[in-house]
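All remarks here apply to the structure that follows.
Just so you know, ligand 1 is whichever comes first in the structure, and atom 1 is the first atom listed for that ligand. Values below: every heavy atom of this structure, side chains too, minus hydrogens, waters and symmetry copies.
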Amino acid sequence: MNELHKVVAAKIRSSNGRISFAEYMDEVLYHPTLGYYNRENMTIGERGDFYTSPMVHPIFGQCVARQIFEFWQRLGSPAAFTVVEMGAGTGALASDLLTEWGRLGTTGVELEYAIVEQSPVLRETQRETTKEVSGGRISWHSALQEVPGYGSLTGVILSNELFDALPVHRLIMENGHLQERYVTLRETEEGWIFEEITGPLSDARLADILDEGVRSQLEERDRLEVCPLAGKVIMDMADALQRGYILTVDYGDLSPAVYWKSVRSGGIRCYYKQTLGSNPYERVGEQDITADVDFSYLQREGANKGVKTIRFVTQSEFLEKLGFLEKVTELQRLAFRDLRADFELQKMLTLYLPQGLGEDCKVLIQEKGN
Ligand SMILES: C[S@@+](CC[C@H](N)C(=O)[O-])C[C@H]1O[C@@H](n2cnc3c(N)ncnc32)[C@H](O)[C@@H]1O
């Protein structure tokens, strides 16, 4: 039992012997000092447990910068323009994006870059990563509502793999009802272990996240995950903007595909030292836990706040329109006689090919007030 294991066990004991899976996931990922994302040695990429697109190759951030430039033009090239990045990890995307922004020939615009990051450890890493490119333009906040101008921003709210890191509730069809999986404790010879039990939904509205088509076709013992926090976050993003765009890149799909995938192959993924697992109760606080994003839900909740979807595509389709393939062609010409160019090309292609991040990662673009 590590320290975090004990903290979670105490929480379960003081909560009548069980907590929802979302509460469990929140503790093990986001406990202020012991949680996976808040531990002192937290990092992402080669020395961490998993890769994300910005860690694979700077072309990702360069393409995002070009997309943001296009948004800025569509907004009428305003002089005051804010980019908010939520959940910025190591700061690699911010760094690559701002470097590319400087190359795009933007004049007459004061770009403000606000990073919303819950982890103090990662905020420090981000400061370090971006110190050469910041030019005093980056500010850090622990919540979206703290960003100056919240509610009246003109700009873009951006995230990569934020939503798939938010705590989810685990649901199960049992005895003909949609019920919830809770985390409880069981004493064994090795000590207290975490175990799941079924109980009634902690909030009846969890079922409303699923559309009728999914609810009516669930079979006995089918399991899946829902993320009410994702709905709240997208609505907060919509509230932050007066005019602008929300750009979301993440693993997931539309409903019902996203839920049938979860039913078929298990919705929770765990990452430890670049290895995929499915048991969220081992390596407590030392492995990442993630679940696919329901992009239909993000669109629905956004629409309730006056945000309309203008594009939903795979990551490869997104990159294609932003100069990615031109760079591939350029490197292909060099690759057969230059090993470094070939190595770079292979990394770039990870972002694009279906067996890499190209198809599993999706891009949602929503627009407000334009
Ligand atoms: C999977 S990591 C992705 C990091 C980065 N975007 C990347 O692509 O490498 C999730 C990030 O979201 C942050 N995060 C999670 N929940 C958050 C919240 N509610 N507000 C701000 N940041 C959050 C985590 O601390 C972490 O930096």
Side-chain angles (χ1 to χ4, degrees), residues 22 25-61 63-64 83-97 113-130 139-147 150 156-168 227-237 240 246-252 268-272 274 276 285 287-293 315 318 350-351 356-357 360-363:
M25 192 166 160
D26 192 38
E27 283 292 331
V28 299
L29 294 185
Y30 301 114
H31 179 280
T33 51
L34 304 169
Y36 179 79
Y37 282 104
N38 295 330
R39 299 167 306 159
E40 243 168 55
N41 55 349
M42 170 51 191
T43 193
I44 298 169
E46 212 174 344
R47 287 179 299 117
D49 300 302
F50 61 93
Y51 278 96
T52 56
S53 294
M55 306 302 297
V56 170
H57 195 279
I59 187 95
F60 181 77
C63 288
V64 172
V83 175
V84 180
E85 185 185 351
M86 206 164 157
T90 62
L93 175 56
S95 175
D96 297 334
L97 192 160
Y113 201 95
I115 292 184
V116 177
E117 173 56 61
Q118 65 78 40
S119 164
V121 176
L122 288 174
R123 284 204 292 271
E124 266 322 299
T125 310
Q126 291 157 11
R127 281 198 177 88
E128 192 55 34
T129 310
T130 57
S139 60
W140 275 268
H141 314 272
S142 53
L144 190 52
Q145 286 78 358
E146 287 171 13
V147 174
Y150 180 91
V156 180
I157 303 187
L158 158 73
S159 69
N160 183 66
E161 288 203 42
L162 165 75
F163 287 96
D164 76 348
L166 298 179
V168 293
C227 186
L229 187 55
K232 180 176 180 321
V233 171
I234 202 81
M235 288 199 282
D236 289 346
M237 288 176 167
I246 303 174
L247 174 61
T248 304
V249 185
D250 228 314
Y251 283 96
I268 296 285
R269 286 189 297 274
C270 305
Y271 290 94
Y272 181 72
Q274 319 290 339
L276 175 64
Q287 64 174 0
D288 188 31
I289 306 177
T290 132
D292 275 350
V293 175
Q315 178 160 300
F318 171 74
T350 310
L351 297 170
L357 295 140
D360 288 345
C361 278
K362 308 290 192 308
V363 181

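- Among Leu158, Leu162, Val84, Leu247, the single residue meeting the side chain to side chain contact (heavy atoms under 4.5 Å, CB included) criterion with Met237 is Leu162.
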Walk me through whether Thr43 and Thr125 qualify under side-chain contact (heavy atoms from CB on, under 4.5 Å).
CA-CA 9 Å; Thr43 193; Thr125 310; 5.5 Å; no
List the atom pairs, with distances to 0.1 Å, where a side-chain N or O of residues 115-123 and a protein N or O form a donor-acceptor pair under 3.5 Å, not counting sequence neighbours.
from: Glu117; atom 1: OE1; to: Ala88; atom 2: N; distance (Å): 3.1
from: Glu117; atom 1: OE1; to: Gln126; atom 2: NE2; distance (Å): 3.2
from: Glu117; atom 1: OE2; to: Ser119; atom 2: N; distance (Å): 2.9
from: Gln118; atom 1: OE1; to: Asn38; atom 2: ND2; distance (Å): 3.2
from: Gln118; atom 1: NE2; to: Asn38; atom 2: OD1; distance (Å): 3.2
from: Ser119; atom 1: OG; to: Tyr37; atom 2: O; distance (Å): 2.7
from: Ser119; atom 1: OG; to: Asn38; atom 2: OD1; distance (Å): 3.2
from: Ser119; atom 1: OG; to: Val121; atom 2: N; distance (Å): 3.4
from: Ser119; atom 1: OG; to: Leu122; atom 2: N; distance (Å): 3.1
from: Arg123; atom 1: NH1; to: Glu117; atom 2: O; distance (Å): 2.6

Extract all N/O-N/O pairs under 3.5 Å that connect ligand 1 to the protein, and present each with both atom names and the distance rounded to 0.1 Å.
from: ligand 1; atom 1: 6 (N); to: Gly87; atom 2: O; distance (Å): 2.7
from: ligand 1; atom 1: 6 (N); to: Asn160; atom 2: O; distance (Å): 2.7
from: ligand 1; atom 1: 8 (O); to: Thr52; atom 2: OG1; distance (Å): 3.3
from: ligand 1; atom 1: 8 (O); to: Asn160; atom 2: O; distance (Å): 3.4
from: ligand 1; atom 1: 8 (O); to: Asn160; atom 2: ND2; distance (Å): 2.7
from: ligand 1; atom 1: 9 (O); to: Thr52; atom 2: OG1; distance (Å): 2.6
from: ligand 1; atom 1: 22 (N); to: Gln118; atom 2: N; distance (Å): 3.4
from: ligand 1; atom 1: 25 (O); to: Glu117; atom 2: OE2; distance (Å): 2.5
from: ligand 1; atom 1: 25 (O); to: Gln118; atom 2: NE2; distance (Å): 2.9
from: ligand 1; atom 1: 27 (O); to: Gly89; atom 2: N; distance (Å): 3.2
from: ligand 1; atom 1: 27 (O); to: Glu117; atom 2: OE1; distance (Å): 2.7
from: ligand 1; atom 1: 27 (O); to: Glu117; atom 2: OE2; distance (Å): 3.4

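- With sequence neighbours excluded, the residues that form a side-chain hydrogen bond (donor to acceptor under 3.5 Å, both in side chains) with Ser142 are Glu146.
- With hydrogens and angles disregarded, no donor-acceptor distance shorter than 3.5 Å links the side chain of Asp164 to the backbone of Tyr251.
- When the side-chain hydrogen bond (donor to acceptor under 3.5 Å, both in side chains) test is applied to Glu161, no partner is found at least two apart in sequence or on another chain.
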